[in-house]
Amino acid sequence: MKNLVVMLFVGMLGVSVYAQEKVAKIQFKTDVIDYGTIEKGANGVRVFEFTNTGTAPLIITRVTSTCGCTIPKKPEKPILPGEKGEIEVKYDTQLVNPIRKTITVVSNADTPIVALKIKGEVVQKTNL
């Protein structure tokens, strides 16, 4: 009887380990990019780097910004487990203003919605 109970326990443990689903996990190198102070017309492109630390392919389905002055670009192909990916963000530096924007990333990861932020300030060019 003891042997039967032990065998059932070991069998159930093995089934529960096997039944665990594979899941994608997204880990960003940083969730905030600081442009600092940049001049009007400067390069507004920055990159958020991330890694799929999960066990399933990561599929980014949508990346949006809080306004039209910030254009994010998502990866088109799935990011396999252990691989790195990038989300490119282009801010319109023709606007002389403080930069405070949120980029929302939607994916199949265990945390399906992630908010990324950009900050900084665009100032007029100095004529010397």
key: Over 12 non-hydrogen atoms of neighbours within 6.0 angstrom of CZ in Arg62   = no
note = Taken to the nearest 0.5 Å, the spacing of Leu116 CG from Ile87 CD1 works out to 6.0 Å
key: Heavy-atom check, side chain of Val114 versus side chain of Thr104, under 4.5 Å   = no
inquiry  = Measuring from atom CD1 of Ile99 to atom NZ of Lys119, what distance do you get when rounded to the nearest 0.5 angstrom?
reply    = 11.5 Å
message = For Thr51 versus Gly82, what's the shortest heavy-atom pair and its separation?
response = CG2-O, 4.1 Å
message = Nearest 0.5 angstrom please: Glu83 CD to Lys77 NZ, how far?
response = 10.5 Å
Approximate separation, where rounding is to 0.5 Å, of Leu58 CG and Ile26 CD1 = 5.0 Å
request  = Hey, could you give me each pair passing ring-ring contact (aromatic ring centres under 6.0 Å, His included) that has a residue in residues 36-70? Not counting sequence neighbours.
outcome  = Phe28-Phe50
request  = Assess whether side chain to side chain contact (heavy atoms under 4.5 Å, CB included) is satisfied between Asn108 and Thr61, documenting all intermediate values.
outcome  = CA-CA 8 Å; Asn108 67 328; Thr61 53; over 6 Å; no
remark   = Pro72 and Ile103 have their tightest heavy-atom pair at CB-CG2, 4.1 Å
message = Starting from Tyr35, can I reach Val122 by hopping between I/L/V/M/F/W/Y residues whose side chains sit under 4.5 Å apart?
response = yes
query = Got a second to check how far Glu88's CD is from Arg46's CZ, nearest 0.5 Å?
reply = 11.0 Å
ask   = Looking only at heavy atoms, which two atoms of Lys40 and Gln124 are closest? And how far apart?
value = CD-OE1, 3.9 Å
note = Note: Thr93 and Gly44 closest approach over all heavy atoms is CG2-CA, 3.7 Å
ask   = What closest approach, in Å, do Cys69 and Lys101 show between heavy atoms, and which atom pair accounts for it?
value = SG-CE, 3.5 Å
query = Pairs in or reaching into residues 82-108: which pass ring-ring contact (aromatic ring centres under 6.0 Å, His included), with residues at least two apart or in two chains?
reply = none
ask   = Is Ile113 close to Val105 at the side-chain level, that is, under 4.5 Å between some pair of heavy atoms?
value = no
request  = Flag yes if Leu95 and Ile38 sit in one hydrophobic cluster, no otherwise; membership is Ile, Leu, Val, Met, Phe, Trp, Tyr, and two members link when side-chain heavy atoms are under 4.5 Å apart.
outcome  = yes
task = Of all the heavy-atom pairs spanning Pro81 and Gly54, show the shortest one and how long it is.
result = CB-O, 3.3 Å
message = Among residues at least two apart in sequence or on other chains, which ones pass side chain to side chain contact (heavy atoms under 4.5 Å, CB included) with Asp110?
response = Val23, Lys25
task = Enter the distance from Ile60:CD1 to Ile79:CD1 here, rounded to the nearest 0.5 Å.
result = 6.0 Å
key: Salt bridge flag under 4.0 Å for residues Lys29 and Glu49   = yes
query = With no hydrogens and no angle check, do the side chains of Lys117 and Thr102 hold a donor and an acceptor under 3.5 Å apart?
reply = yes
ask   = In terms of heavy-atom contacts, does NZ of Lys90 have more than 12 from other residues, nucleotides or ligands at under 6.0 Å?
value = no
